[in-house]
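Read through the structure below, which is laid out as structure tokens, and then see the notes.
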Amino acid sequence: TACSASLVAMNYAAKAVCTRECEVHLAAGVNLILLPSSSLGLAVAGMTSARGRSHTFDRRADGFARGEGCCAATLLGNSPQSGLKLEGSAVRQDGRSASLTAPNGLAQQALLRAALADAGGGAARLVQVAAHGTGTALGDPIEAGSLVSAVLDGRESALAVGGVKANIGHAEPAAGMVGLLKLLVGLIGGGAAPNAQLRALNPHV
């Protein structure tokens, strides 16, 4: 599932633990850039940033920078050793889109609502969001609009929104879990990390 591969693995790991198919599950995502051909193909397609950075939610957003990553999480079910609880997750299909870099906003909203429903709680309980935030002029506003519709509508309290790709680049199949790790570090530390590369907000966000 491309960028969401590690989170899809996490979703099915959580379901397997919940239904007691196994007691312990390891979900992981890895991305290594070993050959130049894939980078060249992405550049020719206009998907990567000419500046070499992912300017998530910034007006300079012109594509993403590739990054390497390796991230893993162990799910222990209801074991007393469990440190943090994954309350809910969901997987959906993106539906009809104009292009690979133009996600379907309605499908994103449906995914967010499904994950919240699986967690058994409303959007008001959220304090932070780890956005996909590739740093594209079109994709970032679509994602921001989806968050507004599915999460912020009717909400009175603030919500911290960040994206790890501005820090380390797009780790592709590992990207989702790397973003989750950044989110967990913030939750454990009681704060939200600032958004790297953000200087002037994209006017469409």
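Interatomic distance, CZ of Arg199 versus CZ of Arg59, reported as 14.0 Å (0.5 Å rounding). In this structure, the separation between CG on Leu180 and CG on Leu187 is 9.0 Å, given to the nearest 0.5 Å. The CG atom of Leu184 sits 10.0 Å away from atom CE of Met177, with the distance rounded to the nearest 0.5 Å. The SG atom of Cys71 sits 8.0 Å away from the CE atom of Met10 when rounded to the nearest 0.5 Å. Interatomic distance, Cys3 SG to Asn31 CG, rounded to the nearest 0.5 Å: 10.0 Å. The distance from atom OG1 of Thr136 to atom CZ of Phe64, rounded to the nearest 0.5 Å, is 9.0 Å.
The only member of Glu143, His55, His170 that meets side-chain contact (heavy atoms from CB on, under 4.5 Å) when paired with Thr134 is His170.
No path of Ile, Leu, Val, Met, Phe, Trp and Tyr side chains, each step under 4.5 Å between heavy atoms, connects Leu75 with Tyr12, placing them in separate hydrophobic clusters. In the hydrophobic clustering of ILVMFWY residues, with side-chain heavy atoms under 4.5 Å counting as a link, Val129 and Leu201 come out together. Note on Leu86: it clusters hydrophobically with Leu183, by side-chain heavy-atom contacts below 4.5 Å among ILVMFWY residues. Hydrophobic clustering (side-chain heavy atoms under 4.5 Å, transitive across Ile, Leu, Val, Met, Phe, Trp, Tyr) keeps Val178 apart from Val8. Residues Ile188 and Val127 share a hydrophobic cluster, clusters being chains of Ile/Leu/Val/Met/Phe/Trp/Tyr side chains in contact below 4.5 Å.
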request  = Test Asp118 against Lys15 for salt bridge (Lys or Arg N to Asp or Glu O under 4.0 Å), laying out the working first.
outcome  = CA-CA 11 Å; Asp118 188 57; Lys15 304 306 183 198; 2.9 Å; yes
request  = Report the C-alpha separation of Ser49 and Arg60 in whole Å, then their side-chain angles, then the decisive distance to 0.1 Å, and conclude whether the side-chain hydrogen bond (donor to acceptor under 3.5 Å, both in side chains) test is met.
outcome  = CA-CA 10 Å; Ser49 169; Arg60 296 170 296 166; over 6 Å; no
side-chain hydrogen bond (donor to acceptor under 3.5 Å, both in side chains) assessment of Arg66 paired with Ser39 = CA-CA 8 Å; Arg66 299 189 75 200; Ser39 294; 2.6 Å; yes
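For the pair Asn195 (side chain) and Val161 (backbone), a donor-acceptor distance under 3.5 Å is present. Formation of a donor-acceptor pair under 3.5 Å by the Asp140 side chain with backbone atoms of Gly135 is found in this model. A donor-acceptor pair is defined here as one N or O able to donate and one able to accept, closer than 3.5 Å; such a pair exists between the side chain of Thr56 and the backbone of Gly133. Using modelled atom types, no side-chain atom of Thr74 and backbone atom of Leu26 make a donor-acceptor pair closer than 3.5 Å. Of the possible donor and acceptor atoms, one in the side chain of Arg155 sits under 3.5 Å from a partner among the backbone N and O of Ala123. Within the 3.5 Å criterion, the main-chain N or O of Ala107 finds a donor-acceptor partner in the side chain of Asn104. Distance alone, capped at 3.5 Å, places no donor-acceptor pair between the Glu87 side chain and the Leu116 backbone. Without hydrogens or angle criteria, Lys182 side chain to Ala130 main chain gives no donor-acceptor distance under 3.5 Å.
Contact record, Ser6 with Ala175: OG-N, 4.3 Å, taken as the closest heavy-atom pair. A pairwise comparison of heavy atoms in Ala65 and Ser54 identifies N-OG, 3.0 Å as the closest pair. Here the shortest heavy-atom pairing between Ala90 and Ala115 reads CB-N, 3.6 Å. Residues Ala166 and Ala196 share a closest heavy-atom pair of CB-O, 3.1 Å. Between Ala144 and Val205, the closest heavy-atom pair is CB-CG1, 3.7 Å. Here the closest heavy-atom approach between residue Ala5 and residue Pro173 is recorded as CB-O, 3.9 Å.
You'll find the side chain of Leu76 stays beyond 4.5 Å of the side chain of Val17, heavy atoms only. No side-chain heavy atom of Gln197 sits less than 4.5 Å from a side-chain heavy atom of Asp58. Counting only heavy atoms from C-beta outward, the side chains of Pro141 and Asn202 approach each other to under 4.5 Å. At a threshold of 4.5 Å between non-hydrogen side-chain atoms, the residues Ser149 and Arg113 count as touching. Looking at heavy atoms from C-beta onward, Leu159 lies in side-chain contact with Leu126 at the 4.5 angstrom threshold. Here the side chains of Leu40 and Ser37 are not in contact, with every heavy-atom distance at 4.5 Å or above.
In Glu23, the CD atom is not crowded: 12 or fewer heavy atoms of neighbouring residues, nucleotides or ligands sit closer than 6.0 Å.
Defined by atom type and a distance below 3.5 Å, a donor-acceptor pair is present between the side-chain atoms of Ser4 and Thr1.
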